[in-house]
Each structure stands twice: as C-alpha cells, then as structure tokens.
> 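The following block contains the structure, expressed as structure tokens.
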Amino acid sequence: MKLRAKTAFVAAFAGMVLLALTASAACSDNDKKGASSGNADLDAIAQERGLTPEDMKHALQQFVPPGSHDEYVMFASGGHSGQVLVIGMPSMRILKVIAVFSPEPWQGYGYGADWGEQTLAEGNPTIPADTDLTWGDTHHPALSETGGEYDGRYLYINDRANGRVGMIDLRDFRTKQLVAVPNIQTSHGGMFVTPNSEYVHVSSKFPEPWPAGSYADLTEYQQKYRGASAWLKIDQATGRINLDESFEVELPPYTQDLADSGKKVSEGWGFIGSFNTEMATGGISEGGNSLEAGASRNNFDYLHAINWKKAEEVVKAGKAEKINGINVISLETAAAEGIFYLIPEPKSPHGIDVDPSGRYMVVGGKLDPHVTVYDFNKIKAAADAKDFEGQDAFGIPILKFDSVVAGQVEVGAGPLHTQFDSQGHGYTSLFLESAVAKFTLGDDVVKTGEAPFTLVDKIPVHYNIGHLAITEGDTVTPDDKYLVALNKWSIDRFLTVGPLHPQNFQLIDLKGGGTEKMEMIADMPIGVGEPHYTQIIKADKLKALDIYPAGTDPTTMTTSTNAIVAGEEKVERNGNTVEVWMSAQRSHFTPDILRVKEGDRVILHVTNIEQTKDATHGFAISQYNVQASLEPGETTNFDFIASKAGAYNFYCTEFCSALHLEMAGWLLVEPAGSAVAAP
Ligand code: K7E
Ligand code: CUA
C-alpha cells in the first residue's frame with residue numbers, strides 16, 4: 001500500500017524531472033511525443049524498481065551518460081594493496097588502478113619488464129638492505145601544484161608501512177620512482193606538496209633509534225629515538241625526487257601524525273600534528289601500561305610548525321649534517337635558528353588542515369568533540385615576539401595556546417579531518433558519530449554572512465568516516481561541488497560478500513558551499529585495500545597521453561635506444577646472452593620463434609609498433625614470471641634467464657584483434673649440452 005502511494009508521487013516527480021530535462025532544449029513535436037512516452041517509461045521504471053523521487057533525483061545528479069566523461073578525477077589511495085585508484089566523479093566509476101608499491105601483472109609491474117622491476121627495486125629499504133618489499137600501504141596522495149593549484153603533472157603517495165614515497169607521472173599514469181626515505185621507517189605526515197611543488201613533504205609516524213639502522217632499547221626511548229620531517233626536492237622536468245637537494249628536520253620522539261602545507265599567508269611553513277608527547281612505549285606484556293593509556297595522560301600534545309624556507313637557507317649555509325645520505329637539521333639547530341615551534345593542541349588530536357586562505361589551521365579533537373582553529377597570523381606574531389610558555393625536553397620553544405587559537409567549535413563525536421570550501425566553511429569528519437559537520441571559519445573568510453566558528457550543518461554518513469575530500473579541496477581555490485566521505489565501514493550498505501566488507505565512498509553534493517544543506521547522492525563500494533585519502537582534480541587539468549610517441553621508453557619518457565620499426569627486428573647472440581629486438585602488431589610478434597639454450601640470459605626488447613589508440617598488446621611467457629602490457633608506441637625491455645629446458649608458448653595477453661588468439665609464438669629452450677645450434 002505504501003508502495004502505491006509512493007508510486008503516484010514518483011509519477012508526478014518523474015514528470016517534473018522530464019520537464020526539467022526537456023525544457024532547456026528547443027524540442028520538435030517529435031521530441032514532445034518522445035517526452036510523453038519517456039515520462040510513462042520513467043514512471044514504470046520507478047514503480048518496478050521501487051525508487052523514490054529522491055532516489056531518481058540523486059541518480060540524475062550522479063549520472064554520466066555512456067560515452068560522456070566525468071568532470072573530476074579522484075586519486076584515492078588503495079591502502080595495503082599498495083596501489084592508487086583512479087575514479088571518475090560524479091559517476092564514481094573506477095577508471096584505473098595504478099601499481100605503486102606492489103607488483104601488478106596487467107601493467108607488467110614487477111614481472112620481468114625493466115620499468116616495474118627497476119622501480120620496485122629502487123624502493124627497497126637501504127636499512128636493513130636485505131628485504132625485497134612487495135607490498136606497501138598507500139596512504140596520503142598529493143598532487144603537484146603551481147601557485148597553490150593542482151597542475152595535473154605528478155602525483156606522490158607515501159607508504160605508511162615503510163618510509164617510502166612513490167611518484168606517478170600523470171602523462172601516462174605510471175609509477176616512475178620509489179624512494180626509500182632515509183631515517184624514516186614508517187611514514188604518515190603529509191604527503192603534501194608545497195604550493196609551487198618545490199618539495200613534497202613526508203614525516204615519520206613512529207620514531208626509531210637514531211641514526212636509523214642502530215639499535216636502542218625502549219628504556220632509552222627519549223634519549224635515542226627520533227623522528228624526521230623530510231622535505232623532498234622535486235625535479236620540475238621529471239617529477240622525480242632528488243635526495244641530494246632534499247633535507248630533513250630531526251623531530252622529538254613524539255608520534256608525529258598528519259601534516260599539511262602552509263599556503264598564501266602561511267606559505268613557507270608546514271604543520272605536523274602529534275600525539276604521545278608522553279613518550280610512552282607500551283609494555284602491557286611487561287607489567288606496564290598499554291600504549292593507548294600511556295599516550296593519553298597529558299592534556300596537550302604538540303602541533304609542530306616548521307619554517308621550511310628558513311630551513312632551506314640553514315642547509316645552504318652548511319649547518320646540516322648528512323645522515324644516511326640526506327642533510328639533517330638537528331633539533332638543536334632547528335631551535336636556535338627559529339625553524340621549529342611547538343603549539344599546544346588538546347590531547348590525542350588527529351588531522352591538521354590548512355584553509356585555502358592559509359590563515360586558519362584546523363585540528364580535530366579525535367576523543368574531544370571540538371575542532372581547534374589556529375590563526376597563523378597569531379602564530380607568526382607569537383614566534384616573532386618569542387612569546388613562549390617554555391620549551392620541551394628537547395629545547396624546542398612552545399607557544400602559548402591562548403595566544404594562537406582563533407576559536408573552537410563543538411562539531412560532534414570523534415572529529416578527525418577537515419576540508420574547506422571557498423565560502424569560509426570547514427567540513428570535518430566525525431568518526432564516532434559517522435557524520436560530516438560543516439562549520440564557519442573566521443569572519444575574514446566567511447562569505448555567507450554566518451557567524452564565525454559556528455556549526456551550521458551536519459549530514460550522517462555510513463559508517464565510521466576517516467578522511468573526506470572536496471573537489472580541488474587542498475588548493476587555494478576549492479570547487480564547492482562535491483565532497484567524498486571515505487568511510488571505513490559499510491556494514492549493511494551492500495550485498496554481503498563474506499566477512500571482509502567493502503569500504504564505502506559516499507558522494508555528497510555541497511550545493512555550492514553556501515547556506516543550503518549538504519545532500520547525500522550515492523554510495524560506492526571499494527573492494528580494494530583500505531582507501532585512505534584522496535585528492536580530486538578537475539579532469540581538464542590532466543593532459544594524459546592516449547598513445548606513446550613511437551618507440552617510447554616509459555621509464556625515461558624519451559625514445560628508447562632499443563626501439564625498432566617494422567623490418568628492423570633481429571636476434572643477436574653474444575656468448576650466453578641472446579638479445580632480441582621484437583615488434584608487436586596486430587596480430588603477430590616478429591620474430592615469433594626464439595631459439596635459446598638452457599641457462600642463457602635472454603634480453604628482449606619489444607616495441608609495439610602501432611600508433612592506434614587502445615591497440616595494446618601484452619607479452620607473456622608461459623611458466624615464466626614474464627608478463628607486461630605493451631601500449632601503442634611503447635618499447636619494453638625484458639631480461640630473464642631461460643632456466644628451464646622446454647618449448648614454451650609466448651602469447652599476447654590483450655584481446656587486441658579478431659586474430660588475437662593467433663598472436664603467439666615459441667620460446668624454444670634447448671637442453672644444455674644439446675647439439676642443436678641456436679639461434
Ligand atoms: Cu590519514 Cu587514518 Cu593515516 Cu586519519 S590518518 S583516518
Ligand atoms: Cu595482440 Cu592480442
């Protein structure tokens with residue numbers, strides 16, 4: 001009965017929707033006939049599927065017609081999958097999964113081709129040096145910026161599990177560099193890129209015995225353990241990180257948490273939250289307190305403010321010391337040079353986010369229902385006037401809480417992270433309450449006339465929200481269009497697929513960031529890793545290639561010295577090494593028979609000689625860990641030992657043509673000592 005009432009309402013609403021859709025177009029009589037039958041169709045669909053007018057409206061808000069493109073692209077971390085998810089918005093369709101810290105066969109990342117093998121190997125830690133890491137916990141993505149705006153060139157992401165950073169080139173959406181950041185065992189703070197991509201920042205999560213690689217018992221925690229704030233220099237032409245020109249600031253053994261970049265008035269500064277300024281080390285198993293109890297005793301932890309422009313000068317002046325291959329500014333020097341200040345933040349906070357004006361910093365209370373808003377102008381004035389309440393055990397000056405706070409807002413239970421619109425609002429995720437709270441910042445940035453530091457709206461999310469992201473959210477000019485809630489739990493939102501549930505991204509319409517209420521539009525299950533944070537860029541800022549120029553080596557993005565054109569294929573033997581220059585095109589490899597001897601080293605250069613969009617081939621050898629995608633114009637190099645005698649089929653792994661199944665050949669590995677000559 002309820003359904004029937006609903007359906008009548010739906011019918012009326014469907015008519016309205018259709019009217020709205022057709023009103024803007026100057027339609028002919030034929031169109032009008034179409035419209036009236038379409039109206040009936042819509043009613044029928046809504047009735048059959050039990051959709052409410054609200055559902056239909058949301059469907060229209062999210063819908064991107066087949067063949068049309070999304071307005072935004074979201075780069076989301078894939079958590080412990082070690083990958084990055086590329087998602088179109090508002091459709092919330094996954095466009096790509098980028099391999100970063102884990103081998104991934106489709107893209108040929110870590111399966112015999114030099115691009116992935118070398119990139120992964122480069123990311124192996126130097127201390128201890130004997131681990132081939134095959135996983136990572138992609139955490140906080142950071143897009144490159146120019147003038148405080150995302151510029152669509154590069155994407156950086158840190159590995160929470162290991163102190164590593166990956167660089168993705170947005171010309172081809174492939175990972176080009178992994179850096180094992182010295183003196184950082186586990187990372188968290190950042191990633192953020194400075195407003196003109198001078199540096200990408202990451203800081204340590206848990207401190208480790210210094211210098212990294214040494215051992216110290218937990219009883220020496222305060223004396224021997226340290227963290228680091230790393231400012232990694234970006235080469236503008238390639239996006240790569242240059243460790244020689246990078247530096248670190250030594251940090252006290254607090255647990256450094258999230259970090260964000262200063263911008264505009266605060267440009268040149270970086271801010272890192274912390275907890276466990278108690279320097280508790282756990283020990284529940286040794287008759288002591290748990291870490292969670294030990295780390296929650298003090299009423300305040302410390303927000304760290306670091307002046308990186310000044311730090312850069314100090315390094316240039318030779319006042320840093322090389323530790324494990326990177327310039328490090330000691331705590332002593334940082335304090336003496338006025339590079340590093342501590343700011344009290346109510347205990348065990350989470351999240352530190354700088355608003356688009358660069359003036360306000362918002363810290364989430366986590367266990368406390370407030371967000372604390374700091375004013376950078378006050379921080380700067382207090383630091384300049386040396387208005388300190390004292391210093392910590394490491395000599396770092398502590399600013400007075402009351403001198404630097406602009407306001408506090410009671411937003412609800414479990415405030416974590418904050419994003420901003422361009423109207424002077426902050427949007428904070430409430431983990432415990434499963435909601436997003438919207439509040440106003442200081443009256444110099446509030447453009448809606450609402451009172452400053454006031455809670456103005458709240459919307460429930462499903463469930464246990466961690467981060468949240470606004471379209472162009474970390475720039476100096478956010479687009480007030482959509483907000484995505486990154487929910488850790490989905491509980492009952494999707495079909496049950498076993499006890500490991502998907503996580504849930506929810507799309508929220510910000511209604512232009514004005515005084516209108518936020519509106520929940522859609523759910524998106526994420527069945528990969530634990531997506532952690534995301535940045536959302538206007539799609540037209542991305543200038544990705546759709547094919548490679550002929551013979552491109554994706555590692556260098558220049559013409560490969562091993563690229564060939566049709567007719568230049570050849571095989572050369574040099575002692576026990578067989579080198580092959582092979583072409584791939586629909587629907588054959590040339591050469592298609594490779595004769596080698598057991599134990600030979602095989603170096604294979606395969607050029608996809610096609611210049612047609614999407615004419616991708618794959619190259620895989622059965623029973624060998626050899627597989628890679630060969631995009632149009634790409635030259636890929638494989639290097640492996642033909643260790644097992646036998647006749648092995650190699651084949652194209654992409655369904656490239658009607659004769660794709662015929663796109664195959666033989667790797668004949670003659671038994672060692674056999675008399676047959678090869679090649
Ligand atoms: Cu980005 Cu969870 Cu690592 Cu907050 S931290 S949720
Ligand atoms: Cu080439 Cu299938």
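Just so you know, residue 1 is the first one in the sequence shown, and it goes up from there. Keep in mind that the numbers below use all heavy atoms, side chains included, and drop hydrogens, waters and symmetry copies. Indexing begins at 1, ligand by ligand and atom by atom, following the structure's order.
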> Short list, please: which atoms of ligand 1 are under 4.0 Å from a heavy atom of H140?
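In order of numbering, the contacting atoms are 1 (Cu), 3 (Cu), 5 (S).
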> Number the atoms of ligand 1 from 1 as they appear, then name those within less than 4.0 Å of a heavy atom of L258, with their elements.
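What qualifies from ligand 1 is 1 (Cu), 5 (S).
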> Give me the protein N, O or S atoms that fall under 2.8 Å of atom 2 (Cu) of ligand 2, sorted by chain and residue number.
C652 SG, E654 O, C656 SG, H660 ND1
> Would K458 and E433 pass as an ion pair if we require N to O under 4.0 Å?
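Looking at K458 and E433, the cut-off is met.
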> Among all protein heavy atoms in this structure, tell me which lies nearest to atom 3 (Cu) of ligand 1, with the distance rounded to 0.1 Å.
H188 NE2, 2.1 Å
> Closer than 4.0 angstrom, basic N to acidic O: yes or no for R164 and D159?
yes
> For a quick check under 3.5 Å, do D479 and Y72 share a side-chain donor-acceptor pair by atom type?
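On atom types as modelled, these side chains qualify, holding a pair under 3.5 Å.
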> Exactly one of Y156, Y533, W231, Y199 should register a ring-ring contact (aromatic ring centres under 6.0 Å, His included) with F192. Which one does?
W231
> Nearest 0.5 Å, please: how far is CG in D353 from OG1 in T428?
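Answer for the OG1-CG pair, T428 versus D353, is 8.0 Å.
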> Check whether the ring centres of Y109 and W115 lie less than 6.0 Å apart, and answer yes or no.
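Aromatic pair counts; centres sit under 6.0 Å.
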> Please state which protein non-hydrogen atom is closest to atom 6 (S) of ligand 1 and give its distance, to 0.1 Å?
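Of the protein heavy atoms, H417 NE2, 3.4 Å lies nearest.
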> May I ask you to decide whether K613 forms a salt bridge with E631, counting only side-chain N to carboxylate O separations under 4.0 Å?
no
> Below 4.0 Å, non-hydrogen atoms only: which portion of D257 touches ligand 1? Side chain, backbone, both or neither.
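Within the 4.0 Å criterion, D257 makes no contact with ligand 1.
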> Does either side chain, that of S587 or that of S657, offer a donor lying less than 3.5 Å from an acceptor on the other one?
yes
> Passes side-chain hydrogen bond (donor to acceptor under 3.5 Å, both in side chains), D474 versus Q535? Steps please.
CA-CA 7 Å; D474 289 315; Q535 281 190 333; 2.8 Å; yes
> Check this for me: does any side-chain nitrogen of one of E610 and R586 sit under 4.0 Å from a carboxylate oxygen of the other?
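The answer is yes: the pair qualifies as a salt bridge.
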> Everything protein-side that's N, O or S and under 2.8 Å from atom 2 (Cu) of ligand 1: list it, residue and atom.
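Metal shell, protein only: H532 NE2.
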> Any salt bridge linking R297 with E278? Criterion: basic side-chain nitrogen under 4.0 Å from a carboxylate oxygen.
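So R297 does not pair with E278 through a salt bridge.
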